[in-house]
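The first residue of the sequence shown is numbered 1, and numbering continues consecutively from there.
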Amino acid sequence: MAKDSVTLTVHAPDLNKTEFANAFQKSSFYSFVDWGWFGFDFTNGIEFNEKQFSDGVFMMMNVESSIPKDQWEKFVKDFRFEKQAWTTWDEDGNDVLTIEEFRSGLGRLDLFDEWDLNDDGLVKEAEFAAGIFDRWDRNRNKLLSRDEYFDMYYTYLALWGVK
């Protein structure tokens, strides 16, 4: 029985893009999320066509069937999509985004093409990790700080039970 206790805090260094990408390798945490019901099969690693890519980003934002304006505003700010207008995305004007409206808005941003680095029509693990890293690195110093990582992780991945 201990009479005193000690608290340890580990201060890990900031991650560069390569270190961050290691989390997205085959058998990484992403492989343990059950996305099968939504048409994703990660048994061979992450690989999205354009529709799956936009649907996956939609799912990262929200587990519901639509996205309210405040969530969308946080998303466009977090992912640095400057000068976006809610009214352009909310095509039917009902104050929420359906997956179809989100897919259409994301398509206008050419994010899929930006992340498809080898232009093969698929965003694979390394490309996905690089895209996420670039968007999560808010200060653009080519390092992902603990604060940058945890803020974005708990906003966009933790709701899926990703550990």
Side-chain angles (χ1 to χ4, degrees), residues 15 17 20-21 23-24 28-42 44-145 147-163:
L15 297 174
K17 192 180 285 192
F20 179 76
F24 286 86
S28 70
F29 67 78
Y30 234 87
S31 300
F32 297 104
V33 178
D34 181 10
W35 298 60
W37 61 271
F38 208 73
F40 297 120
D41 176 8
F42 291 151
N44 295 315
I46 296 171
E47 187 174 272
F48 295 109
N49 63 31
E50 190 167 2
K51 180 186 177 299
Q52 292 169 325
F53 174 80
S54 60
D55 291 354
V57 175
F58 179 90
M59 291 171 61
M60 281 175 40
M61 289 184 58
N62 192 338
V63 293
E64 305 299 325
S65 60
S66 61
I67 298 171
K69 185 176 182 180
D70 62 330
Q71 270 185 296
W72 175 83
E73 287 172 340
K74 179 166 178 36
F75 169 74
V76 294
K77 180 181 176 222
D78 285 348
F79 280 72
R80 299 189 319 268
F81 296 127
E82 292 84 13
K83 300 180 183 176
Q84 294 300 304
W86 170 254
T87 54
T88 304
W89 286 60
D90 183 20
E91 296 165 359
D92 62 10
N94 69 347
D95 290 329
V96 294
L97 295 181
T98 63
I99 195 164
E100 292 82 11
E101 290 171 322
F102 184 81
R103 194 181 297 138
S104 177
L106 204 59
R108 286 189 297 274
L109 296 174
D110 294 324
L111 188 64
F112 180 83
D113 293 333
E114 178 187 319
W115 288 17
D116 181 14
L117 300 174
N118 65 359
D119 295 321
D120 68 351
L122 296 170
V123 172
K124 297 183 180 153
E125 288 179 22
E127 295 166 320
F128 187 79
I132 289 288
F133 180 91
D134 290 340
R135 293 296 172 167
W136 288 13
D137 179 20
R138 289 185 178 147
N139 62 8
R140 300 177 186 173
N141 68 348
K142 301 189 188 306
L143 294 172
L144 198 60
S145 72
D147 289 340
E148 288 171 326
Y149 172 79
F150 278 121
D151 182 41
M152 298 296 269
Y153 169 82
Y154 283 112
T155 299
Y156 298 105
L157 291 179
L159 65 114
W160 287 98
V162 177
K163 300 203 188 246

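- The salt bridge (charged side-chain N to carboxylate O under 4.0 Å, His left out) search around D113 returns none, not counting sequence neighbours.
- In terms of the side chain to side chain contact (heavy atoms under 4.5 Å, CB included) criterion, residue partners of S104 (sequence neighbours excluded) are, by chain and number, E91, R108.
- Ring geometry for F20 against F133 counts as tilted: the plane angle lies between 30° and 60°, on a 0 to 90° scale.
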Let me see the working for M152 and L144 under side chain to side chain contact (heavy atoms under 4.5 Å, CB included), right down to the final yes or no. CA-CA 11 Å; M152 298 296 269; L144 198 60; over 6 Å; no
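- In this structure K17 satisfies the side chain to side chain donor-acceptor pair (under 3.5 Å) test together with D134, sequence neighbours excluded.
- E101 contributes a side-chain N or O that, together with a main-chain N or O of D92, makes up a donor-acceptor pair within less than 3.5 Å.
- The aromatic rings of F128 and F48 lie tilted to each other, with the angle between the two planes from 30° to 60°.
- A search for salt bridge (charged side-chain N to carboxylate O under 4.0 Å, His left out) contacts involving E100 returns nothing, not counting sequence neighbours.
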Could you walk me through whether K69 and D95 pass side chain to side chain contact (heavy atoms under 4.5 Å, CB included), step by step? CA-CA 6 Å; K69 185 176 182 180; D95 290 329; 5.7 Å; no
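- At a threshold of 4.5 Å between non-hydrogen side-chain atoms, the residues D55 and Q52 do not count as touching.
- Taking all atoms of both residues into account, the shortest heavy-atom contact from R135 to R80 is O-NH1, 3.0 Å.
- Considering only heavy atoms from C-beta on, I67 stays 4.5 Å or farther from V96 through its side chain.
- To the nearest 0.5 Å, atom CG of residue L109 and atom CD of residue E82 are 10.5 Å apart.
- Nearest heavy-atom pair, F112 versus V123, reported as atom, atom and distance to 0.1 Å: CE1-CG2, 3.4 Å.
- Of all the heavy atoms in L117 and E127, the pair that sits closest is N-OE2, 3.0 Å.
- Every residue meeting the side chain to side chain donor-acceptor pair (under 3.5 Å) condition with S145, not counting sequence neighbours, appears here in chain and number order: E148.
- F102 meets the ring-ring contact (aromatic ring centres under 6.0 Å, His included) test with F58, F75, W89; sequence neighbours excluded.
- Residues passing the side chain to side chain contact (heavy atoms under 4.5 Å, CB included) test with K77, sequence neighbours excluded: none.
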Carefully, step by step, assess L97 and W86 under the rule side chain to side chain contact (heavy atoms under 4.5 Å, CB included). CA-CA 9 Å; L97 295 181; W86 170 254; 3.6 Å; yes
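- Every residue meeting the salt bridge (charged side-chain N to carboxylate O under 4.0 Å, His left out) condition with K74, not counting sequence neighbours, appears here in chain and number order: D78.
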Which is it for T155 and D151 under the side chain to side chain contact (heavy atoms under 4.5 Å, CB included) test, yes or no, and what are the steps along the way? CA-CA 6 Å; T155 299; D151 182 41; 4.0 Å; yes
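- Minimum heavy-atom separation, F81 to L111: CZ-CD2, 3.8 Å.
- A search for side chain to side chain contact (heavy atoms under 4.5 Å, CB included) contacts involving N141 returns D137, N139, L143, not counting sequence neighbours.
- With sequence neighbours left out, the salt bridge (charged side-chain N to carboxylate O under 4.0 Å, His left out) criterion links D120 to K124.
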